[in-house]
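Reviewing the structure listed below.
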Protein chains: 2
Amino acid sequence: MKHKGKTNPPGRIKIMKAFSLLMAEKDFHSITTAEIARTAQVTEGLIYKYFKDKKDLLYQVLNDHFFEFQTHIENRIANEKTCVEKLKVIIFSSLESYAANRIFSKILLLEVRNSLDFFESGAYEMVREYARTILDIIEKGIETGELKPETDPHILRKVILGAIEHACLGEIIFGRPLDIDGVSTGIANIVFNGAKR
Amino acid sequence: MKHKGKTNPPGRIKIMKAFSLLMAEKDFHSITTAEIARTAQVTEGLIYKYFKDKKDLLYQVLNDHFFEFQTHIENRIANEKTCVEKLKVIIFSSLESYAANRIFSKILLLEVRNSLDFFESGAYEMVREYARTILDIIEKGIETGELKPETDPHILRKVILGAIEHACLGEIIFGRPLDIDGVSTGIANIVFNGAKR
DNA sequence: CGAATAAGGTAAGTAATACTTACTCACAAT
DNA sequence: ATTGTGAGTAAGTATTACTTACCTTATTCG
């Protein structure tokens with residue numbers, strides 16, 4: 001090789017930064033390539049040197065954000081011992097991360113899902129890994145008797161993830177504030193103890 | 001007025017049908033106006049006689065589907081007496097409707113949310129009404145003592161709606177089959193009785 | 001009746017958009 | 001010296017969503 005292995009040229013970084021910035025204000029489709037280039041102070045053509053297309057740019061930005069999200073959560077989980085505590089941490093930390101990083105949330109919960117090629121991207125691989133972690137925790141919880149034996153692990157995961165995501169939508173879409181503590185303990189209460197008297 | 005109040009000309013219907021058909025195969029953004037016109041056998045210009053823009057077409061198609069969805073569910077709820085039974089019917093019927101009507105589901109769960117002007121559309125008004133109905137049921141359930149008094153109605157609603165929506169995503173995105181009975185009783189079990197032993 | 005008017009529909013535009021192609025320039029390694 | 005490559009540019013192009021001006025039919029009312 002000629003050049004050193006150093007990669008991630010300034011142009012690429014500038015483009016991703018500019019795109020993130022624009023995502024904070026508007027939705028994916030109303031961001032134009034011209035706008036990205038102008039904000040990043042590069043030419044439009046350069047975008048296509050580093051990214052296959054506009055969507056690929058979206059996925060790669062998501063990838064970066066998701067990496068932080070995942071490592072943060074995994075560190076926290078490691079500190080907990082019981083299954084229920086681990087799941088509570090997942091609920092709390094997810095809400096916290098979504099609330100703290102609106103661009104990440106917007107991309108993951110609103111923008112990427114409607115296009116099939118996301119599900120072949122690297123970002124989606126991380127989503128699956130994260131989902132797998134949750135499933136493992138649940139299965140272990142059933143084994144150890146912490147959770148009811150008749151619990152369907154996949155469904156419990158659906159309920160937890162669905163509740164988390166749904167809880168964040170208001171904050172993401174309308175910019176409404178989110179009571180992380182209240183909502184996370186509320187979700188945990190219902191999921192673990194049930195709402196019926 | 002000169003013409004009678006009769007409205008809904010054949011062109012308009014053909015356009016909506018064609019659009020629905022295309023939505024079954026691909027996502028909103030990869031459907032072009034040229035394609036819609038060709039499939040509907042009308043000229044491109046006619047689309048803009050009946051719809052403000054492409055998004056407006058999306059919202060109006062959603063509106064039609066949502067109307068069916070809502071009346072169907074409301075009829076079913078009326079047959080149930082207890083709060084818990086009503087909520088179970090909501091869970092089951094929602095899953096059933098989503099599974100039976102993929103175009104509706106795709107539009108509502110994946111396509112409209114990322115654009116702010118959806119939330120000013122008539123279709124969104126129906127969503128709010130539906131959400132209000134659920135909240136009313138929950139609040140009544142707490143009053144009558146069917147549900148635990150410490151339950152937060154808004155959070156219980158989030159958990160239920162989130163679980164339903166999350167459960168349908170696989171089916172919608174990947175076309176995976178959905179075990180409506182199993183999933184709906186599974187969700188109800190967790191939400192009402194809790195997963196913890 | 002007759003003519004004004006509006007509804008249903010068309011044809012031919014237009015500006016803007018995502019993406020391409022062909023080209024510099026700098027510089028590191030042979 | 002020269003060769004090859006990474007970083008970046010400038011000037012396209014086809015396609016897209018949306019407009020404008022027009023045509024045709026048919027109803028309604030003076």
Side-chain angles (χ1 to χ4, degrees), chain A residues 1-23 25-62 107 111-112 114-118 121, chain B residues 1-23 25-62 107 111-112 114-118 121:
Chain A
M1 56 187 88
K2 306 280 170 157
H3 274 198
K4 278 257 206 78
K6 155 198 153 91
T7 294
N8 220 10
R12 203 187 109 101
I13 297 166
K14 283 200 283 180
I15 290 167
M16 290 181 81
K17 280 235 170 81
F19 179 76
S20 275
L21 206 82
L22 291 167
M23 275 298 291
E25 313 173 348
K26 40 171 79 172
D27 60 302
F28 175 67
H29 186 231
S30 40
I31 296 171
T32 69
T33 49
E35 210 172 2
I36 297 167
R38 190 173 355 104
T39 313
Q41 306 217 66
V42 297
T43 50
E44 239 178 294
L46 193 64
I47 297 172
Y48 295 91
K49 278 272 144 72
Y50 299 121
F51 307 97
K52 191 177 145 284
D53 50 25
K54 225 179 96 182
K55 268 184 199 161
D56 185 42
L57 170 56
L58 181 76
Y59 300 156
Q60 292 203 36
V61 168
L62 175 63
I107 298 178
E111 303 279 9
V112 297
N114 48 23
S115 182
L116 272 173
D117 42 349
F118 164 66
S121 76
Chain B
M1 55 189 89
K2 303 285 166 151
H3 273 198
K4 276 257 207 78
K6 156 195 154 95
T7 295
N8 221 8
R12 201 188 112 100
I13 296 167
K14 282 199 284 180
I15 290 166
M16 292 182 81
K17 280 235 168 83
F19 179 77
S20 276
L21 206 82
L22 291 167
M23 275 298 291
E25 314 174 348
K26 40 172 78 172
D27 60 302
F28 176 67
H29 186 232
S30 39
I31 297 171
T32 68
T33 49
E35 210 173 1
I36 297 168
R38 191 172 357 104
T39 313
Q41 307 216 66
V42 297
T43 50
E44 239 178 293
L46 193 63
I47 297 172
Y48 295 89
K49 277 273 144 72
Y50 300 120
F51 307 97
K52 193 177 143 283
D53 51 25
K54 227 180 96 183
K55 268 183 198 161
D56 185 42
L57 171 55
L58 181 75
Y59 300 156
Q60 292 203 36
V61 169
L62 175 63
I107 298 178
E111 302 280 9
V112 296
N114 47 24
S115 184
L116 272 173
D117 44 347
F118 164 65
S121 75

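No hydrogens, no waters, no symmetry mates; every other heavy atom, side chains included, goes into these values. Every chain is numbered from 1, with letters handed out A, B, ... down the list of sequences.
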Could you tell me how the ring of A/Tyr59 sits relative to the ring of A/Phe118: parallel (under 30°), tilted (30 to 60°) or perpendicular (over 60°)? tilted
Separation of C/dA18 P from A/Lys52 NZ (nearest whole Å): 15 Å
Short question: side chain of A/Ser115, backbone of A/Val112 - any donor-acceptor pair under 3.5 Å? no
Over all strands shown, is B/Tyr50 touching base, sugar-phosphate only, or nothing at heavy-atom distances under 4.0 angstrom? sugar-phosphate
Rounded to whole Å, how long is the line connecting atom NZ of A/Lys54 with atom C1' of C/dT20? 17 Å
Base, sugar-phosphate, or nothing for B/Thr32, non-hydrogen atoms under 4.0 angstrom? sugar-phosphate
Given DNA chain C, 5'-ward residue of the pair B/Gly11 and B/His29, judged by closest heavy atom: B/Gly11
Checking contacts here: which listed nucleotide (C/dT10, D/dC18, D/dG8) is nearest the side-chain heavy atoms of B/Leu46? C/dT10
The nucleotide from C/dT20, D/dT19, C/dA11 with an atom nearest the side chain of A/Tyr48 is C/dT20
Nearest-Å distance, CD (B/Glu44) to C1' (D/dT20)? 14 Å
Has the side chain of B/Lys49 got a donor or acceptor atom sitting under 3.5 Å from an opposite partner on the base of C/dG8? no
Rounded to the Å, how far apart are B/Ile47 CD1 and C/dA11 P? 14 Å
Should B/Arg12 and B/Phe51 count as side-chain neighbours, where that means a heavy-atom distance under 4.5 Å? yes
Which atom of A/Tyr48 lies closest to which atom of A/Thr33, heavy atoms considered: OH-CG2, 3.3 Å
Reckon A/Ile31 touches a base, only the sugar-phosphate, or nothing at all at heavy-atom distances under 4.0 Å? sugar-phosphate
Measure from CG on B/Leu22 to C1' on D/dT16 and round the result to the nearest Å. 16 Å
May I have the distance from B/Arg38 (atom CZ) to C/dT10 (atom P), rounded to whole angstrom? 15 Å
Atom-pair distance (CG on B/Asn8; P on C/dG9), nearest Å: 11 Å
Do A/Ile31 and A/Phe19 have side chains that get closer than 4.5 Å, going by heavy atoms? yes
Let me know the distance between CG of B/Asp56 and P of D/dT19, rounded to the nearest Å. 12 Å
